[in-house]
Amino acid sequence: MFKDTGHVNAYFPLFIPKSFLSREAQHVEGFAKECAVITHHRLMNDPDGNGVVVDPSARLEEELVVRPTSETIIWNTYKDWIQSYRDLPLLINQWANVVRWEMRTRPFLRTAEFLWQEGHTAHATKEEAELEAALIHEVYARFAEDYMAMPVIKGAKTANERFAGAEETYTIEALMQDGKALQAGTSHFLGQNFAKAFDVKFADNNNQEEYVWATSWGVSTRLVGGLVMTHSDDDGLVIPPRLAPTQVVIVPIPKPTTEILEVAEQIENRLKALGISVRIDRDEQKRPGFKFAQYEMEGVPVRIGIGMRDLANQQVEVARRDTKEKMPVLLEGIDKYIQKLLEDIQLNLFDRAKKFRDDHITEVKNFDEFKSVLEEKGGFIKAHWDGTTETELKIKEETKATIRCIPNEEPESPGKCVYSGEKSSRKVLFAKAY
RNA sequence: CGGGGCGUAGCGCAGUCCGGUUAGCGCACCUGGUUUGGGACCAGGGGGUCGCAGGUUCGAAUCCUGCCGCCCCGACCA
């Protein structure tokens, strides 16, 4: 689904000259405090014999910054690549690691280095760039919901929460099982900010010079954390079938025998013919109970148990990870049954997560209610907001909750701000977030 | 940078307050046997600079001094 959008892959340098960062004022302000900076290019043996030290004579003339994101180096390049409207749109994606020197890291959700894809596009018109940002926003939402079975709310970020250098940031927001929100992917309409900062102009079909319009967007390994925290339970991971590396595992009971393996292999072949990934556990050392627990922990969606008792009845035992249910299934038609079951699990995971999410969107009328819901129930809080950064920051200061997004689907409705009492045209979603 | 906590076997911990057998337990590992439809059991075994350095003492994982490392909370942030 990503490839259908027509973007091409490319790769840009990891090291960015420090001066590039300072070209766009908002951008540098946003990232300045979390950059890894390269100052030297050589090590040497410590004269005092304490291993290796930085060679002070190898100081760089201009320091290099390890990319926190690639806008600057890419726009410095686009400047040379774009001359005319015939060069547009320029649609590029890169897979890369980036570094943001966080004070506090958290596995998967906020790591100092993370892997992501970042798209960077240039367009002739504002409308086209806006459509691009919206398109990717939708692609991210579809991926989250249809593949990860993770329901998301699409919306726009407030000015305060916006990407540094963007005119508009669109986000997909998910809700984790502990009631905290997770920003799962963002798509930015950058206006002409980077075009102006890096002097990227094109000649239109009247030979008039114009600055190009831009977007950028990304999702990262943070999604892995989101996947885990959306579906998993006390027995371990729960991986949606569409993303599970192994969709079905076959466990011989109590251990592999010729007879059992013969049937297992038949099932394996029939499932593979339907494009289902299967693994037969041929280990003879571990007992079935151990294997059951192990595969549950790993989140394998479907387990098939085969013992002599089953074979006598021409059946097997099928267990699904999402509900932990077990049922006997006849060998006849087992392939179609499993195929259908995988689809059911995929849908069930989504429905279950969506129900939880919807049950945790609470509309509040006043600030006392806001605080008590936030403390006692968690999740999203829907409330009127007066639109000012000042109010937003005060709420954050007092409650730790931030505005996760201004939901696309929330209709305009006049009201009064939950904090200031000032006029508000629309409700927004607040939550404590990762 | 502020506040709190922790360093003892591969992992998780007890022992430290109140110094005194050969430093112990669970998991994991090795050997043998018995088991096998939900994380097997029994027996035997291997594995330790008790974070580092110095000090007190007949004797230090334990007390004292200094240092090092890690984790949690706060400020940053996706």
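A, B, ... follow the sequence lines: proteins, then strands. Residue 1 opens every chain. All heavy atoms count here, side chains included; hydrogens, waters and symmetry mates do not.
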Original post:
Parallel, tilted or perpendicular: which describes the rings of A/Tyr78 and A/Trp75, with under 30° parallel and over 60° perpendicular?
Top reply: perpendicular
Original post:
Which letter, B, S or -, goes with each nucleotide of nucleotides 29-38 of chain B from 5' to 3', with contact meaning a protein heavy atom under 4.0 Å?
Top reply: -------BBB
**OP:** Sugar-phosphate atoms are those with a prime plus P, OP1 and OP2; base atoms are the rest. Using that split, label each nucleotide of nucleotides 70-78 of chain B B, S or - for protein heavy atoms under 4.0 Å, 5' to 3'.
**Re:** ---BBBBBB
Donor-acceptor contact below 3.5 Å, side chain [X] vs main chain [Y]:
{"X": "A/Thr230", "Y": "A/Gly226", "answer": "yes"}
{"X": "A/Ser424", "Y": "A/Trp385", "answer": "yes"}
{"X": "A/Arg222", "Y": "A/Gln183", "answer": "yes"}

Give me, pair by pair, the N or O atoms of the protein and of nucleotides 42-44 of chain B that are less than 3.5 Å apart, along with how far apart they are.
none

Report yes or no: do [X] and [Y] form a side-chain donor-acceptor pair below 3.5 Å?
{"X": "A/Gln339", "Y": "A/Glu343", "answer": "no"}
{"X": "A/Tyr170", "Y": "A/Asn408", "answer": "no"}
{"X": "A/Thr362", "Y": "A/Lys382", "answer": "no"}
{"X": "A/Thr391", "Y": "A/Asp386", "answer": "yes"}

Measuring only the [atom1] atom in each nucleotide, how far is [N] from [M]? A whole number of Å is fine.
{"N": "B/C41", "M": "B/G26", "atom1": "P", "value": "12 Å"}
{"N": "B/G38", "M": "B/A75", "atom1": "P", "value": "49 Å"}
{"N": "B/G51", "M": "B/U8", "atom1": "C1'", "value": "10 Å"}
{"N": "B/G20", "M": "B/A61", "atom1": "C1'", "value": "13 Å"}
{"N": "B/G24", "M": "B/U62", "atom1": "C1'", "value": "15 Å"}
{"N": "B/C63", "M": "B/A14", "atom1": "P", "value": "15 Å"}

Let's test this: given Watson-Crick or G-U wobble pairing with both distances under 3.5 Å, identify the partner of [N].
{"N": "B/C1", "value": "B/G74"}
{"N": "B/G39", "value": "none"}
{"N": "B/U57", "value": "none"}
{"N": "B/C17", "value": "none"}
{"N": "B/C11", "value": "B/G26"}

Original post:
Can A/Leu175 and A/Lys180 be said to form a side-chain contact (heavy atoms from CB on, under 4.5 Å), step by step?
Top reply: CA-CA 6 Å; A/Leu175 188 67; A/Lys180 289 174 82 171; 5.8 Å; no
Original post:
Atom CD of A/Glu298 to atom C1' of B/G39: distance rounded to whole Å?
Top reply: 13 Å
Subject >> Rounded interatomic separation in angstrom, taking CD from A/Gln285 and C1' from B/G39 >> reply: 16 Å
When the side chains of residues 303-315 of chain A are checked against the rest of the protein, which donor-acceptor pairs come out under 3.5 Å, sequence neighbours left out?
residue	atom	partner	partner atom	Å
A/Arg303	NH1	A/Glu296	OE2	3.0
A/Asp310	OD2	A/Gly307	N	2.9
A/Asn313	ND2	A/Arg309	O	3.2

**OP:** State, with a plain yes or no, whether a side-chain heavy atom of A/Lys126 is found less than 4.5 Å away from one of A/Glu130.
**Re:** yes
Original post:
Given A/Lys355, which of A/Asp358, A/Asp351, A/Asp359 fulfils the salt bridge (charged side-chain N to carboxylate O under 4.0 Å, His left out) condition?
Top reply: A/Asp359
Subject >> Any residue of residues 143-156 of chain A with a heavy atom less than 4.0 Å from an atom of RNA chain B >> reply: none
Subject >> From CA spacing to verdict: side-chain contact (heavy atoms from CB on, under 4.5 Å), A/Thr399, A/Phe370 >> reply: CA-CA 9 Å; A/Thr399 67; A/Phe370 185 107; 4.0 Å; yes
Original post:
Applying side-chain hydrogen bond (donor to acceptor under 3.5 Å, both in side chains), which residue pairs with at least one partner in residues 321-332 of chain A are found, sequence neighbours left out?
Top reply: A/Asp233-A/Arg321, A/Asp235-A/Lys324, A/Arg320-A/Asp322, A/Arg320-A/Thr323, A/Asp322-A/Asn348, A/Thr323-A/Glu325
